[in-house]
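Model, not experiment: these values are computed from the prediction.
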Amino acid sequence: MISTRRAVLAVVGTVIGVLSLVVGCSSTKEASGPTTAVGSAAGTPITADEASKLADALVNNHTVGGAHVHATIPFGTATFELDGEIDWVGHVGRLTATSTITGQPARAPFDIVFNPNVTFETVPGLEEALGAKGRPGISWVARPLDPASSPLHLPLRLIDTAASTTRDNPILLQQDGVTALGPDLVGDVATHRFDRGRTTIWLGDTDGLTHRIDAELQATRSTATFVFTDFGPRTITVPADVQIVSVDEISELYRTLVAAR
């Protein structure tokens with residue numbers, strides 16, 4: 001697993017970012033994306049029973065093992081789409097990222113593998129450039145997972161921290177002013193929405209799992225949407241050590257290739 005790749009982690013350093021969210025969806029904001037609102041948008045203080053169910057969500061997500069995830073992250077004139085899998089037990093994810101910029105041709109997708117400390121990403125042209133320098137077979141660049149350095153790293157952190165072995169505190173949820181926004185559908189799944197101020201969460205009525213998260217991200221000043229489906233254990237394929245190079249070793253080449261991506 002990625003977390004055992006000590007040689008790479010030693011090179012790329014320690015993660016320095018912390019998940020940073022500001023106030024997200026208000027109680028009067030309509031849900032966006034693949035949902036159909038069927039309840040009132042007016043929020044009410046959560047009951048003790050609702051707080052208990054919401055407090056269980058992190059552990060429920062971890063217990064189920066993983067999920068398919070699709071995220072949409074607006075960023076100025078660009079929109080990033082992330083699609084792939086998260087293994088909440090192993091804290092490893094693998095996603096394909098695509099980006100579109102208003103008025104420009106679609107850009108080539110690239111893959112990201114990540115854990116709480118490091119990301120590996122494919123960079124078009126890297127293997128050819130390093131092969132010409134006598135270093136064949138390298139197609140992945142290792143970087144610290146640092147939300148302060150990339151508009152994509154903050155969403156990666158949020159995807160991973162949607163599950164935990166530690167239950168939330170239901171009493172604090174009530175004291176923090178979490179509100180219930182009523183029933184809603186995520187696809188064809190019946191859920192209830194909860195406004196936590198920084199995020200809005202869609203909690204499954206039957207399974208108690210997190211089916212959607214909306215969060216306004218300070219780094220991008222936009223609302224990102226995360227939809228989780230097809231819950232269950234995941235085995236994530238990660239790149240081999242011989243396919244990876246640290247960004248510190250090829251910083252100038254990396255900047256050139258990413259700019260052309």
Side-chain angles (χ1 to χ4, degrees), residues 17 19-38 41 57 61 66-88 92-114 119 121-122 145-163 181 184-189 191-204 209-231 234 236 258 261:
L19 183 64
S20 175
L21 302 174
V22 297
V23 176
C25 298
S26 70
S27 60
T28 60
K29 184 174 181 179
E30 293 295 331
S32 59
T35 67
T36 302
V38 295
N61 294 340
H68 182 89
V69 57
H70 185 87
T72 304
I73 305 105
F75 184 50
T77 60
T79 299
F80 292 99
E81 300 277 345
L82 303 175
D83 192 83
E85 311 293 327
I86 179 65
D87 170 14
W88 279 318
V92 182
R94 182 165 183 148
L95 305 166
T96 298
T98 57
S99 64
T100 56
I101 300 177
T102 303
Q104 295 188 18
R107 297 192 172 192
F110 61 97
D111 291 334
I112 303 173
V113 176
F114 66 98
T119 69
E121 65 180 82
T122 57
L145 196 158
D146 175 11
S149 71
S150 168
L152 288 182
H153 286 193
L154 184 61
L156 296 182
R157 178 64 61 78
L158 192 150
I159 290 168
D160 179 48
T161 56
L181 303 179
D184 200 358
L185 293 176
V186 178
D188 59 358
V189 178
T191 69
H192 272 70
R193 283 190 298 153
F194 296 94
D195 183 357
R196 298 192 61 170
R198 295 180 174 183
T199 55
T200 300
I201 296 173
W202 281 251
L203 188 66
L209 299 173
T210 302
H211 288 263
R212 175 174 166 174
I213 298 173
D214 278 10
E216 188 174 337
L217 308 180
Q218 186 176 35
T220 62
R221 297 188 178 183
S222 63
T223 298
T225 298
F226 305 83
V227 177
F228 301 99
T229 57
D230 190 23
F231 294 92
R234 291 297 192 278
I236 305 296
V258 168
R261 182 162 63 190

Legend entry - Pairing residues for Thr229 by the side chain to side chain contact (heavy atoms under 4.5 Å, CB included) criterion, not counting sequence neighbours: His68, Val227
Legend entry - Check: His153 side chain, Leu145 main-chain N or O, donor-acceptor pair, under 3.5 Å: no
Legend entry - Beyond-backbone contact of Trp202 with Asp184, side-chain heavy atoms, under 4.5 angstrom: yes
Inset, instruction - Could you tell me whether the side chains of Thr223 and Asp214 share a donor-acceptor contact shorter than 3.5 Å? - result: no
Legend entry - Contacts of Phe194 that satisfy ring pair (Phe, Tyr, Trp, His ring centres under 6.0 Å) - sequence neighbours left out: none
Inset, instruction - Applying side chain to side chain contact (heavy atoms under 4.5 Å, CB included), name anything that partners Thr102, two or more places apart in sequence or on another chain. - result: Thr77
Inset, instruction - Work out which heavy atom in Ile213 is nearest to a heavy atom in Phe228; give both atom names and the distance. - result: CD1-CE1, 3.9 Å
Legend entry - Nearest heavy atoms of Ala162 and Trp88, plus distance in Å: CB-CZ2, 4.0 Å
Inset, instruction - Provide the closest heavy-atom pair for Phe114 versus Arg94 in the form atom of the first, atom of the second, distance. - result: CE2-N, 4.2 Å
Legend entry - Side-chain touch Ile86/Arg234, heavy atoms, less than 4.5 angstrom: no
Inset, instruction - Could you tell me which residues satisfy ring pair (Phe, Tyr, Trp, His ring centres under 6.0 Å) with Phe231, sequence neighbours excluded, listed by chain and number? - result: His211
Legend entry - Thr191 side chain near Leu203 side chain, heavy-atom distance below 4.5 Å: no
Inset, instruction - Go through the structure and list residues passing side chain to side chain contact (heavy atoms under 4.5 Å, CB included) with Pro74, not counting sequence neighbours. - result: Ser222
Legend entry - Residues which pass side-chain hydrogen bond (donor to acceptor under 3.5 Å, both in side chains) with Arg196, listed by chain and number, not counting sequence neighbours: Asp168
